[in-house]
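For reference, the structure is listed below as structure tokens.
Heavy atoms only: backbone and side chains are in, while hydrogens, waters and symmetry mates are out. Within every chain, numbering begins at 1; the chains are lettered A, B, ... in the order of the sequence lines, protein sequences first and strands thereafter.
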Protein chains: 2
Amino acid sequence: MVTIYDIAQKANVSAMTVSKVINNTGRISEETRRKVKKVMEELNYIPNSNARSLVLQQTQILSLLITDITNPFYTSLARGAEDGAKQYGYRLLFGNSDEDYVKEKDYVDMILSTRVDGVLFAPAGDLSLKNLEKLRAHNIPFVIMDRAVPGIESDMICGDSKEGARKLVDYLIGLGHRRIALVNGSLDVSTARLRYEGYAEALALQGIPLDETLIIHQNYRDYHADDHLEQLLEQPSPPTAIFAANNVLAVGVIRDLRERGIRVPEDISVVCFDDLDLSSALDPFLTVAAQPAYQFGAMGIQLLVERIRGSSVPESRKVILPSELVIRSSAKPI
Amino acid sequence: MVTIYDIAQKANVSAMTVSKVINNTGRISEETRRKVKKVMEELNYIPNSNARSLVLQQTQILSLLITDITNPFYTSLARGAEDGAKQYGYRLLFGNSDEDYVKEKDYVDMILSTRVDGVLFAPAGDLSLKNLEKLRAHNIPFVIMDRAVPGIESDMICGDSKEGARKLVDYLIGLGHRRIALVNGSLDVSTARLRYEGYAEALALQGIPLDETLIIHQNYRDYHADDHLEQLLEQPSPPTAIFAANNVLAVGVIRDLRERGIRVPEDISVVCFDDLDLSSALDPFLTVAAQPAYQFGAMGIQLLVERIRGSSVPESRKVILPSELVIRSSAKPI
DNA sequence: TATTTTAAAGTTACCGATAACTCATTATAC
DNA sequence: GTATAATGAGTTATCGGTAACTTTAAAATA
């Protein structure tokens with residue numbers, strides 16, 4: 001590999017002069033600058049960012065940790081983050097925790113070892129606390145994405161899970177539904193708790209009693225609710241509508257329903273949090289509370305970079321991005 | 001940040017001893033090892049991989065460059081690559097070129113600057129040649145994913161675009177279609193050329209003349225074919241079926257058709273290359289030639305790591321992964 | 001007891017860049 | 001014509017590790 005010393009030798013200057021040309025620092029005569037640049041091109045010089053990071057104590061790398069790379073919400077978020085990072089001149093190191101605390105921990109160690117300048121962190125859940133504390137202990141700035149973690153104060157970009165859930169359930173109630181099931185994420189994830197609360201509040205406001213037998217808790221990522229669903233449907237008074245707490249769960253539920261010969265929305269209505277992008281473009285079917293995923297990523301980077309650069313950002317900032325009720329055809333009046 | 005020198009001092013040994021403990025090299029007494037390890041834990045030591053990379057001349061980072069992070073084919077591929085990388089002990093640096101040669105070039109520079117050990121490279125198209133040559137000039141091993149680039153010999157994982165296209169078109173012909181349109185990617189992408197060839201061959205074999213007015217070329221990623229589609233549909237003898245060269249194009253086409261009040265498959269049949277994952281789970285509608293995307297990524301990493309480690313891998317290896325015709329309901333007999 | 005061997009730990013130089021400083025020249029001022 | 005300033009370039013030390021070699025001390029052998 002070509003180094004600044006190779007350049008220096010061939011251009012008959014010192015390494016320092018080359019460095020100055022590269023970084024546009026110090027005083028360099030036009031003539032020397034041209035000469036050095038010419039040699040750099042001839043030799044196809046590419047700076048070694050490891051060496052650079054070592055002395056500068058910064059890498060110009062940001063890390064993005066998400067929990068499910070096949071979930072369109074997170075890929076859109078990733079795209080927003082990527083565009084943002086590029087715009088601010090950072091490289092982006094992706095990680096995918098698969099909603100798994102151990103994988104998440106491994107990524108945190110890697111992040112620390114890479115000495116990234118900051119992290120966009122979508123926690124797997126409440127137990128991410130330890131991993132976040134580790135980042136904090138090492139003074140790595142981070143912005144928490146999508147899910148709050150009790151015990152950690154930090155910059156944060158979240159959706160309005162509670163409000164979004166309420167809107168969805170309100171909508172179902174407006175259609176005449178009274179027996180509304182909730183297929184929720186695991187309760188150690190803040191969004192699942194809030195969506196549950198929104199669900200409960202919407203029911204309470206309409207005087208509909210909360211029925212725990214209508215509620216299933218699941219991992220957001222792996223849907224296999226067969227047994228639970230069975231239970232749900234074979235009640236004396238089964239639900240007429242299902243609120244799935246995210247897109248992946250909704251797809252799983254609908255698939256399972258269809259396998260049982262139950263039609264959506266004719267036999268049962270289904271709505272969920274988060275949109276499906278391509279699916280919805282192909283077939284505007286699912287009624288959803290859509291979140292501005294791209295913006296999550298873009299704004300997250302913005303907060304993060306401000307935090308990294310700005311000494312003037314005192315307390316932690318929380319951004320709540322609204323979700324939008326998109327009514328399509330997966331829910332019908334009872 | 002804590003360094004090995006801090007550890008060394010507190011443990012009353014030399015830095016070299018600490019290094020040896022970390023890497024399990026050299027001779028270290030059990031006692032010293034324990035002492036050093038204890039101090040490392042106390043101080044929360046995390047090795048600086050930049051410093052390490054600098055002397056070792058290798059980073060344990062692989063890079064994955066894809067062309068569209070919102071396309072499920074590539075996200076599944078990414079997941080395979082991620083799992084593979086983890087398994088072999090590498091970190092993974094993602095990049096997303098958006099089918100754009102300039103973005104691609106920027107990523108190549110970043111890759112070079114990061115001194116990654118190898119690259120999984122899904123080229124934007126034929127003009128990626130320059131970018132690949134740059135990698136080669138710098139001796140970075142790479143495996144080309146999905147799309148061949150004329151002028152570059154290298155390890156490669158591809159699908160069987162031609163055969164898959166032929167199967168799809170054969171299927172349409174079998175349903176009685178004779179006027180079959182092709183909404184293709186840009187012809188400077190190898191898969192688009194091969195899918196075109198497969199399409200043409202399938203027609204030829206059945207003695208159906210190729211009609212250039214039935215063919216549209218487009219960017220794989222941004223569908224906005226309004227004008228073209230208009231032209232297609234307002235022919236004296238419009239197509240009864242459309243073969244879209246990838247999933248994103250198919251979704252775009254179907255959306256546009258619906259906006260015009262044209263029903264799929266009642267009024268026109270549509271099939272495409274690549275599956276839609278979540279969409280298809282939600283609603284098994286699109287008939288597709290599905291590629292094993294996860295395997296693309298996993299095998300790509302395998303080839304790459306073998307190339308990096310193995311001195312014994314002589315000429316370049318090409319893996320062709322078959323695609324599977326998945327018949328659903330977006331195409332009907334004429 | 002003297003010598004060799006071996007185990008365990010330490011020294012030194014270097015990876016490729018940059019910060020901070022120093023050193024020549026030349027230009028400007030008095 | 002000397003003092004001072006401005007300009008352009010070079011020296012040196014350092015970032016945090018590791019390879020290759022050396023040193024030290026204890027154990028094994030003669």
Subject >> A:Gln9 CD to D:dG10 P, straight-line distance once rounded to whole Å >> reply: 13 Å
**OP:** Output, in order, the C-alpha distance, side-chain angles, deciding distance and verdict of side-chain hydrogen bond (donor to acceptor under 3.5 Å, both in side chains) for B:Asn96 and B:Tyr74.
**Re:** CA-CA 10 Å; B:Asn96 173 215; B:Tyr74 283 116; over 6 Å; no
Original post:
When the distance from CG of B:Leu112 to P of C:dG16 is rounded to whole Å, what number comes out?
Top reply: 15 Å
Original post:
Does OP1 or OP2 of D:dG10 have a side-chain N or O of A:Thr17 closer than 4.0 Å?
Top reply: yes
Original post:
With the sugar-phosphate defined as primed atoms, P, OP1 and OP2, and the base as all remaining atoms, what B/S/- string results for nucleotides 12-27 of chain D, 5' to 3', for protein heavy atoms under 4.0 Å?
Top reply: ---BBBBBB-------
Original post:
What is the distance from CD of A:Gln60 to P of C:dT18, rounded to the nearest Å?
Top reply: 12 Å
**OP:** Please report the closest heavy-atom contact between B:Ile22 and B:Tyr45, naming both atoms and the distance.
**Re:** CD1-CE2, 3.5 Å
**OP:** Let me know the distance between CZ of B:Arg27 and P of C:dG10, rounded to the nearest Å.
**Re:** 16 Å
Subject >> Ionic contact status for B:Glu42 with B:Lys35, cut-off 4.0 Å >> reply: no
Subject >> Nucleotide C:dT26, atom P - distance to CD of A:Glu31 in whole Å >> reply: 14 Å
**OP:** Look at the side-chain N and O atoms of A:Ser29 and state whether any lies under 4.0 Å from the OP1 or OP2 oxygen of D:dT7.
**Re:** no
Original post:
Where is the tightest heavy-atom contact between A:Tyr101 and A:Ala124, given as atom of each residue plus distance?
Top reply: CE2-CB, 3.7 Å
**OP:** Over all heavy atoms of both residues, which pair between B:Arg91 and B:Thr59 is shortest? Give the atoms and the distance, please.
**Re:** NH2-O, 2.7 Å
Original post:
Looking at B:Tyr5, does the NZ or CZ of B:Lys10 lie under 6.0 angstrom from its six-membered ring centre and within 45 degrees of the ring axis?
Top reply: no
